[in-house]
Amino acid sequence: MTEISSKFSPQEVEQKWYQHWMQNGFFDSNPDGREPYTIVIPPPNVTGVLHMGHMLNNTIQDVLIRRARMQGKNACWVPGTDHASIATEAKVVAMLKEKGIEKSSISREEFLAHAWEWKEKYGGIILEQLKKLGASCDWRRTKFTMDPKLSDAVIDTFIQLYNKGLIYRGVRMVNWDPKGMTAVSDEEVIHREVQSKLYFIAYEIEGENSKVVIATTRPETLLGDTAVCVHPEDVRYKSLVGKRCIIPFTGRTVPIIQDEYVDKEFGTGCLKVTPAHDVNDYLLGQKHNLETIDILFDNGHINSPATPYHDLDGIVARKRIVKDLEALGQLVKVEDIKNKVGYSERTDAVIEPKLSMQWFCDMEKMSKPALDVVLENKVKLVPEKFKNTYKHWMENVHDWCVSRQLWWGQRIPAWYSTDGRIVVAKTDVEALALFNQNESQSAITLADIRQDEDVLDTWFSSWLWPISVFDGFENPDNADIKYYYPTQDLVTAPEILFFWVARMIIAGIEFKHEIPFSTVYLTGIVRDKLGRKMSKSLGNSPDPLDLIQQFGADGVRMGMLLCSPAGNDILFDESQVEQGRNFANKLWNAFRLVKGWQVDDQLEQPSLNLTASNWIQEKLHITIATTEKYYSEYRLSDAMMTLYKFIWDDCCSWYLEMIKPVYGSPIDRKSYQEAIGMLENIVKLLHPIMPFITEEIWQALGTRTLAESLIVAEYPKYDEKKVATALSSKAEMAFGIIAEVRNLRSKRGMSPKEALNLMIKTGSKENYGDFLEVMKKLGNLTAIEFVETAPPSSVSFLIEKDECFVPLEMNDQDAAAEKQRIKEEMEYLEGFMKSVQTKLGNERFVANAKPEIVENERKKMADAESKLNTLRDSLTKLNG
RNA sequence: CGGGGCGUAGCUCAGUUGGUUUAGAGCGCUGCCUUGACAGGGCAGAGGUCAUUGGUUCGAAUCCAAUCGUCUCGACCA
């Protein structure tokens with residue numbers, strides 16, 4: 001046994017077994033007669049590297065998949081990545097810039113060639129990192145949202161929805177990201193409260209020597225003002241309505257109009273209206289037929305050729321305009337104000353509301369059935385509290401802006417003719433045919449049409465994921481899609497419940513007429529121990545691969561699970577993965593102990609070991625039942641903790657200590673084999689959570705064929721017969737006595753090696769019979785006898801209703817301490833009885849409470865009374 | 001501003017439709033213990049007016065209301 005290290009070292013073990021599983025195809029799944037269990041991975045961003053959120057999320061998926069596999073299901077975990085159009089395009093643009101190439105100087109085709117090259121080089125990193133974690137994905141099935149088949153699916157569904165009238169093109173106010181130079185969806189805008197300034201600016205009234213003062217946080221937008229608006233009931237401005245005022249720097253005059261939208265209390269009660277750059281102003285503009293003046297270039301620079309601010313950056317222009325207004329005496333005052341500003345999720349640029357021509361997906365009709373399936377629990381959200389959030393969002397959906405002004409992604413299959421017509425078709429040839437189908441006179445040619453320059457939102461690919469990874473669009477009858485769809489569980493972060501989960505449900509129903517998965521497990525957000533979200537900018541996130549290196553993948557997996565109750569955020573602290581590593585080490589040493597025993601075939605099994613074996617079997621099956629229940633409720637951390645306590649406390653602290661032969665002596669064959677069997681059950685139960693160390697121990701416990709690898713071993717099943725022995729409560733009493741005896745030694749400064757005798761005064765000796773030998777061994781007791789009366793000079797303690805005595809020489813000090821102890825115990829009991837008596841003395845309690853509750857209170861009372869009597873007797877004797 | 005969640009031991013959390021001892025776990029903490037599987041260990045111990053206030057009830061950590069704190073989602077107040 002000396003050749004087995006006392007410390008478990010994960011590194012080489014992890015690599016060895018991951019290769020073993022991979023090379024022998026244990027992760028692979030093909031349709032067959034078994035029940036399928038399928039998870040599609042939430043495809044990480046192809047530019048991404050593994051962070052703590054991925055670790056948690058993918059650990060949970062792997063636990064579910066490995067457990068299902070051991071339960072005999074056909075487990076299929078489909079991996080892949082998404083193309084993350086904005087993020088990837090930004091990275092490629094940056095890379096090109098470093099090489100001295102401007103995106104604007106190359107063609108779309110050249111750019112895409114660079115992008116693909118970049119993707120091939122860096123795109124697989126995150127998947128390789130998942131392997132370090134132990135993820136048992138079917139890697140043969142790895143998909144990318146821009147794979148030909150998945151792209152075809154995107155284009156085909158776009159065409160299909162367009163033909164159904166669910167996709168349209170229109171000028172709308174969109175969220176413009178001036179850094180990414182693209183529109184983004186509402187969901188990609190993060191609103192943050194910031195400290196801003198509110199500028200009060202005087203506009204001259206045309207033809208009069210008077211002014212009107214407006215208030216704005218964005219003075220530069222005045223260049224695009226096309227009205228000033230007041231509240232119709234605002235008496236202060238009644239006389240101004242219908243007049244015109246002069247917009248500074250532009251020489252333009254705009255009407256003063258009235259609308260109830262204006263808040264009389266805010267600012268001066270006069271609102272400047274810029275329909276091109278504010279959603280509300282846009283609505284006002286439509287209502288009052290106002291002109292729309294777009295004063296921003298796509299890069300956020302001012303587009304106002306007649307003014308000195310032309311082509312200045314928006315922020316620079318703001319400063320200049322404020323300064324110039326001040327010089328003109330038109331800046332009345334500046335106030336500090338807190339307001340919410342939208343930032344781009346991808347580039348962190350300030351979002352500019354901007355009017356532009358975009359493609360939209362009509363969400364209202366499609367979302368209704370997707371709401372119903374969740375409300376009816378056909379798609380179960382775990383934890384359930386997310387149902388509310390989901391409902392609220394689905395009842396207030398807005399149309400989804402699906403076009404992006406980028407090159408990286410699926411190009412929108414819309415074609416424009418030089419005479420201003422639009423068709424949607426898969427290829428230019430098909431488009432041309434559509435253009436010409438009703439043409440009686442001169443048909444147009446390919447040279448007369450051009451394709452839309454924009455690509456589709458990445459989520460327009462991801463929402464098809466559970467179908468497209470199985471080729472369910474092009475080949476709707478193929479074996480995979482028929483077998484694996486709908487999938488079972490989806491594990492993801494609550495942040496993308498709408499971005500992704502809701503849209504997948506919509507797509508599933510729309511295109512497949514079936515929900516894509518039956519359960520959505522929403523993990524918590526990983527935060528640091530101060531409760532802050534982990535982020536690159538804060539630098540508060542540990543590197544997951546460093547953690548694995550330091551604590552082992554098993555330790556990290558277990559550490560993460562232990563502290564992640566469903567749906568609650570997890571406050572990550574390194575001590576948690578340390579706990580995971582320590583647990584792995586504990587298991588390792590239990591294995592080392594058993595493996596090191598000498599076996600003597602001549603030895604009979606002692607009765608002690610038989611009891612131990614029966615008792616631990618009983619505990620094992622209670623544990624199986626408990627974890628089973630927790631898994632069914634997706635309470636993984638509770639399942640984990642149940643196993644932790646079973647293994648550490650029941651198996652290591654009690655069972656192995658019971659059967660452990662004295663140093664240097666051998667063990668009997670039967671006990672040895674039972675111990676090995678117990679270890680085998682433990683590693684099976686633990687394998688989904690800690691795959692590496694368990695496979696290592698499993699393989700070392702016996703000679704295994706390939707097919708007998710732990711990853712495909714049969715998961716232990718609950719057996720009612722095993723708990724019929726009813727040894728648990730007896731064991732608890734024995735353990736209680738052992739603890740009291742140990743405590744007694746400790747309090748008196750005695751060595752654990754000093755043997756003692758024990759006497760028990762009880763009415764039910766049968767409670768002890770099985771465990772007498774256990775008590776002797778673990779309590780270091782020479783003899784245990786049953787007595788009718790208390791022996792002289794002894795320390796006593798109570799176990800349930802029974803009194804136990806340990807005969808000891810008692811000096812006065814000992815006797816006094818003993819008396820004190822008994823008195824304290826009596827006080828506790830008296831207090832307890834008083835509280836029970838209050839209940840029983842209350843007539844209304846006795847009248848109203850359920851009979852069994854009242855009966856139980858009476859029993860509590862009687863038990864306490866009998867204990868109290870026992871203690872009183874002991875005290876009398878001591879006082880003797 | 002609106003919706004939702006959460007406040008139980010130093011920390012992270014359990015506590016099942018109100019009653020099983022005067023509330024539990026893991027970690028941490030304190031004391032003691034090392035030739036003997038493991039100091040990444042063993043044994044023992046301390047530690048909580050269940051956020052606050054009121055209500056319903058024979059009985060409340062549990063149900064209701066308000067308050068405070070905290071997190072989260074949503075929103076058009078310039």
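From a predicted model like this one, the values you see are computed outputs, not experimental measurements.
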Of the listed nucleotides ([options]), which one gets closest to any side-chain atom of [X]?
X	options	value
A:N280	B:A25, B:U22, B:C76	B:C76
A:Y828	B:U21, B:A78, B:G26	B:U21
A:R581	B:G40, B:A37, B:A14	B:G40
A:F832	B:C27, B:U22, B:U72	B:U22
A:D263	B:C77, B:G26, B:C38	B:C77
A:T389	B:U22, B:C73, B:C38	B:C73
A:A590	B:U22, B:G41, B:A37	B:A37
A:Q579	B:A78, B:U22, B:C27	B:C27

- 5' to 3', nucleotides 57-65 of chain B under a 4.0 Å protein heavy-atom cut-off (B base, S sugar-phosphate only, - none) gives -B-------
Specify the closest pair of heavy atoms between [X] and [Y], including all atoms of both residues, with the distance to one decimal.
X	Y	answer
A:A227	A:I257	CB-CD1, 4.1 Å
A:E220	A:R318	OE1-NE, 2.8 Å
A:V254	A:D225	CG1-O, 3.6 Å
A:L296	A:K354	O-CE, 3.7 Å
A:G524	A:L56	O-CD2, 3.8 Å
A:I738	A:V774	CD1-O, 4.1 Å

Say we look at [N] and [M]: how far apart would their [atom1] atoms be, to the nearest angstrom?
N	M	atom1	result
B:U49	B:A9	P	9 Å
B:G40	B:G28	P	11 Å
B:G59	B:G54	P	16 Å
B:U72	B:C27	P	30 Å
B:C50	B:G24	P	14 Å
B:U30	B:A37	P	27 Å
B:A60	B:G55	C1'	11 Å
B:U21	B:A25	P	12 Å

Would you say [X] places a side-chain N or O within less than 4.0 Å of OP1 or OP2 belonging to [N]?
X	N	value
A:N582	B:C38	no
A:R592	B:G41	no
A:W654	B:G42	no
A:Y644	B:C27	yes
A:K660	B:A37	yes
A:K7	B:A39	yes

For atom [atom1] of [X] and atom [atom2] of [N], their distance in whole Å:
X	N	atom1	atom2	answer
A:E495	B:U72	CD	P	10 Å
A:Y630	B:U16	OH	P	11 Å
A:K753	B:C33	NZ	C1'	10 Å
A:W648	B:G26	CH2	P	11 Å
A:F583	B:G41	CZ	P	12 Å
A:L271	B:C77	CG	P	13 Å
A:K859	B:U20	NZ	P	14 Å
A:D649	B:A44	CG	P	11 Å

Is it true that [X] and [Y] make a salt bridge, defined as a side-chain N closer than 4.0 Å to a carboxylate O?
X	Y	value
A:E352	A:R218	yes
A:K860	A:E857	yes
A:E830	A:K834	no
A:K859	A:D863	yes
A:K645	A:D650	no

- Message: By the 4.0 Å heavy-atom rule, please label A:E800 as base, sugar-phosphate, or nothing.
- Response: nothing
- Quick one: label A:G267 by what it contacts on the DNA or RNA (base, sugar-phosphate, nothing), any heavy atom closer than 4.0 Å. nothing
Applying a 3.5 Å limit to both distances, which nucleotide forms a Watson-Crick or G-U wobble pair with [N]?
N	result
B:A9	none
B:A14	none
B:U35	none
B:G2	B:C73
B:G45	B:C29
B:U52	B:A66

- Decide, applying a 5.5 Å centre-distance limit and a 30° plane-angle limit (both strict), whether A:F266 stacks on B:C77. no
- Message: Let's see if you get this right: which residues in residues 735-749 of chain A place a heavy atom under 4.0 Å from RNA chain B?
- Response: A:A739, A:R742, A:N743
- Query: Between the side chains of A:D259 and A:H231, does any donor sit under 3.5 Å from an acceptor?
  - Reply: no
- Return the orientation label for the A:F735 and A:W654 ring planes: parallel under 30°, perpendicular over 60°, tilted otherwise. parallel
- Message: Both A:D638 and A:I853 contact RNA chain B. Which one's nearest nucleotide lies toward the 5' end?
- Response: A:D638
